[in-house]
Engineer: 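Sharing a structure, written as structure tokens. Questions coming.
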Amino acid sequence: MPGIVIVGTQWGDEAKGKVTDFLAKDADCVVRYNGGANAGHTVVVDGKTYKFHLIPSGVLRGKKVYIGNGVVVDPDVLVDELENLKREGFNPNLRISDRAHVVFNFHKIEDGLQERLKGNLRAGTTKRGIGPAYSDKTARFGIRIADLLNKEILKSKLDLLVSFKQKVICQVYGENIRLDKNEILEKALQFGQYISDLVCDVSAEINDALDRGETVIFEGAQGTLLDIDHGLYPYGTSSSTIAGGACIGVGVGPKRIDKVIGVMKAYISRVGTGPVPTELKDKVGDRIREVGKEYGTTTGRPRRVGWLDLVPVKYSIRINSIDELIVTKLDVLSGINPLKICIKYKCEGRTFDTVPADIRLFEKCEPVYEEIEGWPANVDWRRIVKEGYDALPKQAKEYLQIIEEHVKVPISIISVGPDRRETIVREKPQR
Ligand code: IMP
């Protein structure tokens, strides 16, 4: 299975970082295809926690890792991540696409100002400059990694872009923030020098790797409901988070993707604004948040949490052509009884089971639940991991079975803890 996409089926934070690290064991390289430092991928190895915003999670396995053209690169974050890894004794084998765009500090300033202006329509962004950087990319104002290696081109592009941003900040938002063109240029050139040996045509390298029969993992950031086209617009992010984004964000044709793996949490979480039909604002929600440590990796914000909602998962399966599912954080639900799973919505006298484009309609959706008995709090997950899927509590197996029955896609792996080892691979997922 050479070309494998890992995609989030919900609102992001499905533990794709852990899954990517786990699957990277059998891969030759991992390439990130979208988003920027808004993502926070957590990997736990032997009790030690590593958090990545830009570097693909396969880096801890010593694999070749790539940042594709679909990613927007924040220089400060990337340098920090690389230096931290080196300090920890890793020797990151990273390559960065010459076509990836750069996030500047003025993008972050603009992000905050846009959110303020939007009021109720704000997405509750991570303020990492993601929206403004992607806007500049599509408006053809953007600065690419390749530009950082050519002082003249960089200077002329930045001259235009910084003047424009200065006008926007002062004249549109009425803010008295001064942008220093020379400082911005110098910093960008320094970063260009720092990464110059890592810059390459990632599309060419990944296509070559696939030609050699190597296994490539395309690592998605965020989730399907945050996708710029298919997510809950305008409450999502600004990139193509879906499996199709892997082709665009790396530069491979659709025929190079052999398998799409969807990652879903055993419940839902959402950081940011917008409707969440199964949100729990009670003690059960608080318990899930605390046990599941549902606080943003990037911003530290408490995440909104709720019962598992299969409507977005089914929608994701359709949008991404998902072949198999990985269920994460099943352990977090231990001791909650009963458990509820949303299987469809009721709205204005109708029932339906897909995510509507009309956000006002989505706001009115009421979940229709299937209720099941939970499993006890004191499960010995270590033993279960050793013994395998059959050793799961019978109610947990029922929970997984209900998911499979409704979404009609097999569950291949179950994650019951943040550590690499806390993972159950199912021998033969049921089709
Ligand atoms: P942005 O990507 O920072 O512009 O934020 C847009 C929306 O996507 C906000 O609601 C964020 O909370 C959400 N978002 C962005 N990145 C992530 C992520 O990695 N996990 C979960 N939510 C995210």
Side-chain angles (χ1 to χ4, degrees), residues 6-20 32-43 51-57 70-74 77 81 101 103-138 219-242 245 249 263-265 267-276 279 289 292-306 312 316 328-329 359 362:
I6 295 178
V7 67
T9 62
Q10 295 157 318
W11 278 271
D13 306 317
E14 298 94 350
K16 293 181 295 298
K18 167 180 170 163
V19 166
T20 303
R32 176 84 183 265
Y33 64 80
N34 76 295
N38 49 349
H41 291 172
T42 306
V43 181
K51 290 183 197 276
F52 302 111
H53 300 286
L54 282 168
I55 298 184
S57 309
V71 175
V72 287
V73 179
D74 181 327
V77 175
E81 283 185 8
H101 280 244
V103 180
F104 290 89
N105 275 337
F106 52 74
H107 287 128
K108 295 177 210 170
I109 295 170
E110 214 184 345
D111 195 346
L113 295 172
Q114 282 184 2
E115 284 279 279
R116 193 179 73 190
L117 183 79
K118 284 180 178 173
N120 283 345
L121 284 175
R122 74 188 189 285
T125 71
T126 58
K127 308 242 170 81
R128 295 299 181 112
I130 304 301
Y134 278 112
S135 303
D136 283 347
K137 172 179 172 174
T138 38
E219 183 186 24
Q222 291 87 40
T224 299
L225 291 198
L226 297 175
D227 182 76
I228 184 67
D229 288 280
H230 300 281
L232 291 165
Y233 194 87
Y235 298 112
T237 190
S238 302
S239 66
S240 293
T241 64
I242 58 170
V263 186
M264 60 178 282
K265 205 142 57 174
Y267 48 92
I268 62 99
S269 74
R270 165 73 166 121
V271 54
T273 54
V276 178
E279 184 169 6
R289 185 177 306 104
K293 299 194 175 62
E294 294 296 348
Y295 292 88
T297 316
T298 303
T299 59
R301 287 181 288 180
R303 294 180 184 142
R304 300 157 70 191
V305 298
S316 286
T328 61
K329 298 188 116 172
I359 209 83
F362 195 56

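Computed from a predicted structure; not experimentally measured. Heavy atoms only: backbone and side chains are in, while hydrogens, waters and symmetry mates are out. Counting convention: from 1, in listed order, for ligands and their atoms alike.
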Engineer: Under the rule for side-chain contact (heavy atoms from CB on, under 4.5 Å), what residues qualify as partners of His107, not counting sequence neighbours?
Structural biologist: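 Expected list: Val103, Phe104, Glu110, Pro132, Ala133, Asp136, Lys165.
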Engineer: Please list, one pair per line, the donor and acceptor atoms closer than 3.5 Å that link side chains of residues 33-40 to other protein atoms, with sequence neighbours excluded.
Structural biologist:
from, atom 1, to, atom 2, distance (Å)
Tyr33, OH, Thr241, O, 3.1
Tyr33, OH, Ile242, O, 3.3
Asn34, OD1, Ala221, N, 2.8
Asn34, ND2, Ala221, O, 3.2
Asn34, ND2, Gln222, OE1, 3.3
Asn34, ND2, Ser239, OG, 3.0
Asn38, OD1, Gly36, N, 2.8
Asn38, OD1, Gln222, NE2, 3.1
Asn38, ND2, Thr237, OG1, 3.4

Engineer: Under a 4.0 Å heavy-atom cut-off, what residues line ligand 1?
Structural biologist: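 Around ligand 1, where the cutoff is 4.0 Å for heavy atoms, the contacting residues are Trp11, Asp13, Asn38, Ala39, Ala123, Gly124, Thr125, Thr126, Ile130, Gln222, Leu226, Tyr235, Gly236, Thr237, Arg270, Val271, Gly272, Arg301.
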Engineer: Using only atom types and a distance under 3.5 Å, with no angle test, would you say the side chain of Glu81 pairs donor to acceptor with the backbone of Leu54?
Structural biologist: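 Here the side-chain-to-backbone pair exists.
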Engineer: Is the shortest side-chain N to carboxylate O distance from Asp74 to Arg128 below 4.0 Å?
Structural biologist: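 No, no charged N to carboxylate O under 4.0 Å.
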Engineer: Please report the interatomic distance CD(Glu279) to CD1(Ile268), rounded to the nearest 0.5 Å.
Structural biologist: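 So the CD of Glu279 and the CD1 of Ile268 are separated by 7.0 Å.
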Engineer: Can you name the residues that form a side-chain contact (heavy atoms from CB on, under 4.5 Å) with Tyr233, not counting sequence neighbours?
Structural biologist: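 side-chain contact (heavy atoms from CB on, under 4.5 Å) list for Tyr233, sorted by chain: Ile228.
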